[in-house]
Amino acid sequence: MTRPADSPMPTLRPLYRADQVRELDRRTIEGGIASFALMQRAAAAAWQELRARWPQARSLTVLCGGGNNGGDGHVLAALAAAEGLAVQRLLLKPVETLTGDARRAADMATGAGVPAEAWQAERQLDGEVVVDALLGTGLGGEVRGAARQAIEAVNESGLPVLAIDIPSGLDADTGARLGVAIRATRTVTFIADKLGLYTGAAPAHVGEPVLCALGVDAEGEADLVPAARRLEAGLLAAWLPPRPRDAHKGDCGHALVLGGAPGFGGAALLAAEACARLGAGKVSLATAPEHVTASLVRRPEVMVHGVRGAGDLATLPQGADVLVVGPGLGQGSWGQGMLQAALEASRPLVVDADGLNLLATRLQGRQRDDWILTPHPGEAARLLGCSAGEVEADRPAAARALQRRYGGVVVLKGAGTLVAGPAGLAVCPHGNPGMASGGMGDALSGILGALLAQGLELETAARLGVLVHALAADRAAREGGERGLLAGDLASCARILVNPTVCDSKGEDDAAATR
């Protein structure tokens, strides 16, 4: 299933750090566009998005901070007033203390007849829609004081919110919530897309992200290397071409799942089933003997081997193209023996769950170029020797640190899953809260194993597997809802996704539905 030689590499949307976007802003101004003209462009773009999203709104509350983000809000307030909307303009700083473009924008709103009111605790929000122009991307620490009061009031109001550039209180580089953050309905970001809009706490705060480049070509600045790339659904068609008509199972790879210690057989079976549904030609499962019968009843297409310990594996790993080790593995002697056998087999690996915990506690210092590690934040913390809170405070940094320490490719799971490899960082904007249930990671490890077995390169398999996993969960949630979504629901949905012609024939192309 390798990509045809004449098939172009999909172009993934670049994501930047806040300092890079500020540099783009500076270069644009030096190139001949006045800074206030750029502010007007941003405000006009935000205003257009607001009207498109809430065309019936006749009143707004615009919350303005003291910087240029607040300036965008002032200009938007003037535009709204010019079209006859009632505008409540609430300021964190008095107009007379503002300087530069922010002051010019505030005077513009005043000249348009929009009264300026100082923010006060318990202030009633009068608008049908709230515009968040409080803090922008320059926030460097926890939100405090009046800004915190204003954010909490907006969140408690239940009103729809348009966030300008980024929801106030969200870190533009990491997606971390800095104490408190606006919960926006739609976020209009400018110049270039920001990494912090897609991972960590961001999915709970950004709502619908919209990029307005304002005429700036970020990718034209070759020296500004993107901080990450956003995984797009277009990868599916680009990397999953139809199989040759004369294909046979030997062409599609053999994956071996090692897991399912006594009493934990379900995890390994979920991984094996996902592996089979994603198209591996042959799937074997090495599990504790007491799980063999149930595994065969559930999925007779999987070749199930009962193993009492590593000594029973014999040459089984040598017959596989890729090994998936960790689901239901346990950390006892049985699991330790299975992991050691996998490490000695000289085959590409997908390591998950207790395989990762054993790496962190008993097999420290291992580094390989041919494995995919798939930790959740707790496992990542153990691998890095820090706390889960530290991992979540800067997920991109944690993912990169894991990849540097352990090699290969690292998939840091969670909201906005990150894939760190030699080609850089990628983030998956898909997935839903229904995935917060047992076994989801086991399904992912099986998906990754299947893609590796079919010949995809390590980093490509990791990126594509994470994308398929998330899109399959989104498809399953649309069909039955998020609450009660099970890992076992993903395999059949993922099968449809990796056969794009099936999606097209049903008129249910998930690529379009999840953008």
In terms of side-chain geometry, is the basic nitrogen of K194 or D165 positioned less than 4.0 Å from the acidic oxygen of its partner?
-> yes
Between L12, V419, L425, L195, which is the residue that forms a side-chain contact (heavy atoms from CB on, under 4.5 Å) with R229?
-> L12
Would you please say whether a donor-acceptor pair under 3.5 Å links the side chains of Q340 and E344?
-> yes
Checking E459 side chain against A423 main chain: does a donor-acceptor pair fall under 3.5 Å?
-> yes
For the pair I166 and L197, evaluate side-chain contact (heavy atoms from CB on, under 4.5 Å) and give the outcome as yes or no after the intermediate values.
-> CA-CA 7 Å; I166 192 167; L197 293 174; 3.7 Å; yes
Shortest non-hydrogen contact from L256 toward L285 = CD1-N, 4.2 Å
Rounded to the nearest 0.5 Å, what separation is found between the CG atom of L349 and the CG atom of L258?
-> 9.0 Å
Pair Q454-R243, side chain to side chain donor-acceptor pair (under 3.5 Å): steps then yes or no | CA-CA 11 Å; Q454 292 170 81; R243 285 180 171 175; 3.1 Å; yes
Distance col, row L451:CG vs L278:CG, nearest 0.5 angstrom, shows 5.5 Å
Would the number of heavy atoms belonging to other residues, nucleotides or ligands and lying under 6.0 Å from CZ of R495 be above 12?
-> no
Check whether the side chains of T460 and E457 place a donor and an acceptor atom closer than 3.5 Å, and report yes or no.
-> yes
Please check if any side-chain donor atom of R230 sits under 3.5 Å from a side-chain acceptor atom of Y198, or the reverse.
-> yes
Donor-acceptor under 3.5 Å (D312 side chain, R308 main chain) = yes
For V161 against I182, the heavy-atom pair lying closest together | CG1-CG2, 3.8 Å
For residues 320-328, which side-chain N or O atoms pair as donor and acceptor with protein atoms under 3.5 Å away, sequence neighbours left out?
| residue | atom | partner | partner atom | Å |
| --- | --- | --- | --- | --- |
| D321 | OD2 | H254 | N | 2.7 |

When rounded to the nearest 0.5 angstrom, what distance separates CG in L458 from CZ in R368?
-> 10.5 Å
Before accepting this row, confirm whether a basic side-chain N of the pair R53/E49 lies closer than 4.0 Å to the acidic partner's carboxylate O.
-> no
Salt bridge (charged side-chain N to carboxylate O under 4.0 Å, His left out) between D352 and K413, worked out = CA-CA 11 Å; D352 185 31; K413 297 182 290 194; 3.1 Å; yes
Is there a side-chain contact (heavy atoms from CB on, under 4.5 Å) between L235 and V468 once you walk through the steps?
-> CA-CA 9 Å; L235 274 171; V468 168; over 6 Å; no
Derivation and outcome, side-chain contact (heavy atoms from CB on, under 4.5 Å), residues L452 and I372 = CA-CA 10 Å; L452 288 175; I372 300 175; 3.9 Å; yes
Short N-O contact, R183 and D132, less than 4.0 angstrom | no
R382 side chain vs L359 backbone, donor-acceptor pair below 3.5 Å = no
Side-chain donor/acceptor of E273 to backbone N/O of L270, under 3.5 Å | no
What's the shortest heavy-atom distance between A443 and A274, and which atoms?
-> O-CB, 3.5 Å
Between H291 and A261, is there a donor-acceptor pair closer than 3.5 Å when you use the side chain of the first and the backbone of the second?
-> yes
Can you see which heavy atom on A461 is nearest to which on L456, and at what distance?
-> CB-CB, 4.0 Å
Do the side chains of H305 and T287 get nearer than 4.5 Å, heavy atoms only?
-> no
Going by distance alone, is a donor N or O of one side chain under 3.5 Å from an acceptor N or O of the other, for Q318 and T315?
-> no
Given N432 and L485, is the side-chain contact (heavy atoms from CB on, under 4.5 Å) satisfied, shown in steps?
-> CA-CA 10 Å; N432 63 80; L485 180 64; 3.9 Å; yes
What heavy-atom pair brings G259 and L329 nearest, and what distance separates the two atoms?
-> CA-CD1, 4.2 Å
Measure the spacing between SG of C428 and CG of L231 and express it to the nearest 0.5 Å.
-> 5.5 Å
What is the distance from atom CZ of R362 to atom CD of Q336, rounded to the nearest 0.5 Å?
-> 4.0 Å
Please check if atom OH in Y406 has more than 12 non-hydrogen atoms from other residues, nucleotides or ligands closer than 6.0 Å.
-> yes
Please confirm whether the backbone N or O of A271 pairs with a side-chain atom of S445, one donor and one acceptor, at under 3.5 Å?
-> no
So, does H469 use its side chain to make a donor-acceptor pair with the main chain of M440 at under 3.5 Å?
-> yes
To the nearest 0.5 angstrom, please state how far the CD1 atom of I191 sits from the OG1 atom of T137.
-> 10.5 Å
Donor-acceptor pair, Q20 side chain versus Y16 backbone, under 3.5 Å?
-> no
